[in-house]
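Along the sequence shown, residues carry numbers from 1. The model shown is predicted, which means the values in this text are computed figures rather than measured ones. Note that ligands are numbered from 1 as they come in the structure, with each ligand's atoms numbered from 1 the same way.
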Amino acid sequence: MKIAVAGTGYVGLSVALLLAQHDEVHALDIIAQKVEMLNQGRSPIVDREITEFLDGDATGQRPLNFTATLDPAQAYAGADYAIIATPTNYDPQKNYFDTSSVESAIDAIRAVNGDAWIVIKSTVPVGYTQHLRETLGDGRILFSPEFLREGHALYDNLHPSRIVVGAPRSDAPAWAAANHFAELLARGADPAEEERTNEDGSRGIPQLVVGPTEAEAIKLFANTYLALRVAYFNELDTYADSRGLNSQEIIRGVCLDPRIRDNYNNPSFGYGGYCLPKDTKQLLANYSKVPQNLISAIVDANRTRKDFIATEIERRIEGIARPVVGIYRLTMKSGSDNFRASAIQGIMKRVKARGVSAIVYEPTLDAPDFFGSEVTHDLVSFKRRADVIVANRWNADLDDVADKVFTRDLFKRD
Ligand SMILES: NC(=O)c1ccc[n+]([C@@H]2O[C@H](COP(=O)([O-])OP(=O)(O)OC[C@H]3O[C@@H](n4cnc5c(N)ncnc54)[C@H](O)[C@@H]3O)[C@@H](O)[C@H]2O)c1
């Protein structure tokens, strides 16, 4: 079977390599440099399993049927499935996701292939797939949400928490294709997952084939719950810090309740990364005319938290003539290789808006400045020059200047 994938980012590349274990996969991107790297067996993103798969393919130890291309005809013509994993950034003007890259991928697929089952893996507004099916008069469009974490993109596809595919139950061919696609994803997973026992007592990887709109809602409600959890422990931390209480002790005591659980509870400067900020805003937009309190609170809580953090930083530089705030890493998590929408950028923006100058230590950024602030790769001089060092996540690099560091990474983990 031939499978095409549009977009070779975190989602597209991990799904492409997963499926290339069993099927012929052609992954298309619009960036020539990415395509070239992939065809040389090199990963454009930092991800252990993706690198291992590409290395294994290059050395013949793990043969994959995988090609990257810039040519839509090569990728899409004759494909049985065409998966779309292109960006859907939040458009603040429209107050909605910008889905234009998904639509241009659909146009490119249909220009050479009228039959492929198109599976949208990009995160889209609730109701989007059904709307497309109706307005385009194209019943061969499905939606399958992606739940991977950046940095563990292929790992999470090899060990998926669940597989969800959306198609209208009333449309028998689409329903059958959705079930078949779920099987393809499951077949690519680590075979050990077939033996696993889930919390509800079921065995193997849970596969949910549901309506397309329900599948879209699963994605946005899951990410909004994760944002809620981050925002909740951040707000607990804001309270504890403001009242001079030991936040760490409170969080431990709260989370020993097995219903609450001791995970995903480490305070930070806010929820960030590519998905949570935009997905929560999109869900809020989808609530238009539907009563709610929590969803807007989750969106607002992130702003309030960052304002609080910026004020705390300001308190630490009070009385210093021409203070310099050192931004230690722009990334969201310790092992991350990108800083799309990272919370620390919101902190930096606020600190600078208050007239304070900042320097940035970000070894992965090859540029002299970041939004007008100097970028340095010299950790020693960075530590010397900064009056306060702001770190969303702790790193042993900072051990010798601990008294200068401002972080809320209380548990020293992601
Ligand atoms: N990153 C995540 O953790 C994650 C998790 C779940 C879902 N998602 C969703 O998946 C989608 C993709 O996210 P990502 O992180 O993989 O994005 P990404 O930015 O890493 O990759 C997207 C790729 O698509 C390419 N592209 C853009 N327009 C194209 C087109 N018309 N045809 C072919 N390729 C095109 C880009 O060049 C880029 O390489 C988004 O909707 C995102 O919300 C992301």
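For ligand 1, none of its N or O atoms has an N or O atom of Y274 under 3.5 Å away. Of the polar atoms of T88, at least one N or O is found under 3.5 Å from an N or O of ligand 1, judged by distance alone. Of the polar atoms of R149, none of the N or O atoms is found under 3.5 Å from an N or O of ligand 1, judged by distance alone. For K219, no nitrogen or oxygen atom sits less than 3.5 Å from a nitrogen or oxygen atom of ligand 1, counting backbone and side chain alike. Inclusion of V11 in the set of residues having an N or O under 3.5 Å from an N or O of ligand 1 is warranted. The shortest N or O to N or O distance between K34 and ligand 1 is under 3.5 Å.
For ligand 1, the atoms lying closer than 4.0 Å to a non-hydrogen atom of G7 are 23 (C), 24 (O), 25 (C), 33 (C), 34 (N). Residue S104 approaches ligand 1 through these ligand atoms, each under 4.0 Å from one of its heavy atoms: 31 (N).
Using a 4.0 Å cut-off between charged side-chain N and carboxylate O, E24 and K2 make no salt bridge. Ion pairing of R385 with E374 is present here, as a side-chain N (NZ or NE/NH1/NH2) and a carboxylate O approach within less than 4.0 Å. Between R62 and E49, no side-chain nitrogen of the basic residue sits less than 4.0 Å from a carboxylate oxygen of the acidic one, so the salt-bridge criterion is not met. Taking a cutoff of 4.0 Å between a charged side-chain nitrogen and a carboxylate oxygen, R203 and E195 qualify as a salt bridge. Salt-bridge formation is not detected for the pair D138/R133: no Lys NZ or Arg NE/NH1/NH2 atom is positioned less than 4.0 Å from an Asp or Glu carboxylate oxygen.
Neither the backbone nor the side chain of Q282 has any atom closer than 4.0 Å to an atom of ligand 1 (non-hydrogen atoms only). Only the backbone of A85 comes within 4.0 Å of ligand 1, judged by heavy-atom distances.
Of the listed residues (I83, V119, V11), just one forms a side chain to side chain contact (heavy atoms under 4.5 Å, CB included) with V5, and that residue is I83. Considering D91, T123, N223, T88 in turn, T88 is the only one that fulfils the side chain to side chain donor-acceptor pair (under 3.5 Å) rule with K278.
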